[in-house]
Number of protein chains: 2
Amino acid sequence: MTTSENPVVILIADSQFLITESLKLILQNDGRFEANKIVTGKNEIIKALTNEKISLLIIDPSLTDLTGFSELKEIKISFPELKVVVLTNSLNKNELHELNTIGITNIILKTAEREEITEAINSALKGKKYYSNELMELLFDVGEKKNQGEDNGHLTGSELEIVRLIAEGLTTKEIAARKFISFHTVITHRKNIFRKLGVSSVSELLMYAIKSGWINMIEYHI
Amino acid sequence: MTTSENPVVILIADSQFLITESLKLILQNDGRFEANKIVTGKNEIIKALTNEKISLLIIDPSLTDLTGFSELKEIKISFPELKVVVLTNSLNKNELHELNTIGITNIILKTAEREEITEAINSALKGKKYYSNELMELLFDVGEKKNQGEDNGHLTGSELEIVRLIAEGLTTKEIAARKFISFHTVITHRKNIFRKLGVSSVSELLMYAIKSGWINMIEYHI
DNA sequence: TAAAAAATAACATATTTGTGGTATAGGAGC
DNA sequence: GCTCCTATACCACAAATATGTTATTTTTTA
């Protein structure tokens, strides 16, 4: 927090010009930070982290990999000392939990106010957690309105694959043909999926799947 | 373009702090503009447009109404001389065409580069059209991959309402009860919807509806 | 006001879904 | 070795869907 500490160098990894410009301004006006660097491509991130002494990385994960965060995970493993703030346009509950698992606990949305942004940065530097208000709500509505199903949400690999094929518009018969398995097996999978998720129709299933980020909507919605 | 013209006052209507901050910076550095004002609520927009001589409005429509753009339409009618640049996070093809119908032809995404932003503003002031590169692609893939249906995409009000009820997970019988119409009527609507959209299952219908922005995903995806 | 479009409704029928069971083989973990 | 989980598979049946065709009334629009 004071100038007597190690120099704080911040790396901003974001391809949105309008965002990086504002961030630069905020960090400059703060005065606590030694230098800031902006990278807009995924390759530059590793290079900068390797060659320079970076204290904090502010990153939009959509710059790297949108689903799975595997590259973000690798960064956290390669640079354990690095503090990370995730700054992104939108996150669903699945993604939020996944980031938590990786050890990223300072997450804000690009709709955040100035106070939230500085708070997230300060918390990250102190090793404290910080989440946007909107994300806190997401974290806490674990109970939720619907689904009285038992082990909600945890589908197996085959089950997830079938959800995606249903989303593509395939019928049970077509899914069986595509996967070279029996029609009856697909029926059983469907039953298990419905039971686990507490839904009883394709519509409800798809809404659940989209909400949870199981279906890649990128190709459907710009 | 020159200082001899009328003073150019720009109103920025956006609730994203990170965006308004950058815009302010860009406009300040440009030097051509007399004054800039930032509003973050929908009520302030009309007040500012009424009381001050605004040349250009840079607006994120999600500040007002996300679907239908009815408030944006009213603004265009009330202030015909006003130039408008729409700056938003995402748009689908339906929304893009709707904006076009209203007479808003300068549209860029918040992922735009500095050049695109200034170009959009300059074009708007000159009365010329400007669209982000990503949006141009959207405009031009009219042919598209699927759907060989006839009058694609244009559903009536009742049909759209039924699409939303299907998305809610209601069965045909339930929809009939909810709307106080015959089961057979709902069946007919479904048939017409499927024919118009070139789909043949609820899954395909929902994917189409989400892609087109007919279903409000806000409650499902933050 | 005449034509076009939308909303309403019905009948018939093949296909698909949703739901209740039961059952076996293979792998992971204790 | 034993148990839990997963993937596989089958039977049966009621409910719902998808598809075709036709037709009347109401609303919109040209």
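As the structure is a prediction and not an experimental result, all values here were calculated from the model. For the numbers below, each heavy atom of this structure counts, side chains included, while hydrogens, waters and symmetry mates do not. Within every chain, numbering begins at 1; the chains are lettered A, B, ... in the order of the sequence lines, protein sequences first and strands thereafter.
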Checklist entry - Base, sugar-phosphate alone, or nothing: which one does A:Ser200 contact when heavy atoms must sit under 4.0 Å apart? => result sugar-phosphate
Checklist entry - Reckon B:Ser182 touches a base, only the sugar-phosphate, or nothing at all at heavy-atom distances under 4.0 Å? => result sugar-phosphate
Checklist entry - Quick one: is C:dT15 close enough that its OP1 or OP2 comes under 4.0 Å of any side-chain N or O from A:Lys173? => result no
Checklist entry - Atom CG of A:Asn192 and atom C1' of D:dT8: how far apart are they, to the nearest Å? => result 11 Å
Next on the checklist: Just by distance, no angles: are the side chains of A:Asn106 and A:Ser123 close enough, under 3.5 Å, to form a donor-acceptor pair?
Outcome noted: no
Item to check | Euclidean distance, atom CG of residue B:Leu205 to atom P of D:dT17 [Å, nearest integer] | outcome: 12 Å
Next on the checklist: Within the 4.0 Å heavy-atom criterion, would you say A:Ser201 contacts the bases, only the backbone, or no part of the nucleic acid?
Outcome noted: sugar-phosphate
Checklist outcome for this item: Of B:His184 and A:Leu170, the one whose closest nucleotide on DNA chain C sits nearer the 5' end is B:His184
Next on the checklist: Do the side chains of B:Lys196 and B:Glu159 get close enough for a salt bridge, i.e. N-O under 4.0 angstrom?
Outcome noted: yes
Checklist outcome for this item: Whole-Å distance, A:Glu174 CD to C:dT16 C1', equals 11 Å
Next on the checklist: Please identify which of these residues, B:Leu82, B:Val84, B:Leu57, meets the side-chain contact (heavy atoms from CB on, under 4.5 Å) condition with B:Lys76.
Outcome noted: B:Val84
Checklist entry - What's the CD1-C1' distance between A:Ile181 and D:dT6, to the nearest Å? => result 12 Å
Next on the checklist: Measure CD1/A:Ile162 against P/C:dT16 and give the value in whole Å, please.
Outcome noted: 17 Å
Checklist entry - Hey, does the side chain of B:Thr172 come within less than 4.0 Å of D:dT17's phosphate (OP1/OP2), counting only N and O? => result yes
Item to check | Sidechain N-carboxylate O distance under 4.0 Å for A:Lys179, A:Glu161 | outcome: yes
Checklist entry - From D:dA16, D:dT8, C:dG18, pick the nucleotide closest to the side chain of A:Ser158? => result D:dT8
Next on the checklist: Given D:dT6, D:dA18, C:dA7, identify the nucleotide with an atom nearest to the side chain of B:His189.
Outcome noted: C:dA7
Checklist entry - How long is the line joining CZ of B:Arg190 and P of C:dA9, in whole Å? => result 17 Å
Checklist entry - How long is the line joining CD1 of A:Ile187 and P of D:dC11, in whole Å? => result 13 Å
Checklist entry - Which part of the nucleic acid, if any, lies within reach of B:Thr156 when heavy atoms closer than 4.0 Å are counted: base, sugar-phosphate only, or nothing? => result sugar-phosphate
Checklist outcome for this item: Out of C:dT19, D:dT6, C:dA10, minimum distance to the side chain of A:Phe194 belongs to C:dT19
Next on the checklist: Under 4.0 Å from OP1 or OP2 of C:dT8: is there any side-chain N or O of B:Thr185 that close?
Outcome noted: no
Checklist entry - Taking atom C1' of D:dA16 as reference, at what distance in whole Å does atom CD1 of B:Ile166 sit? => result 12 Å
Next on the checklist: Both A:Thr171 and A:Lys191 contact DNA chain C. Which one's nearest nucleotide lies toward the 5' end?
Outcome noted: A:Thr171
Checklist entry - When you check the side-chain N and O atoms of A:Ser78 and A:Glu74, is any donor under 3.5 Å from an acceptor? => result no
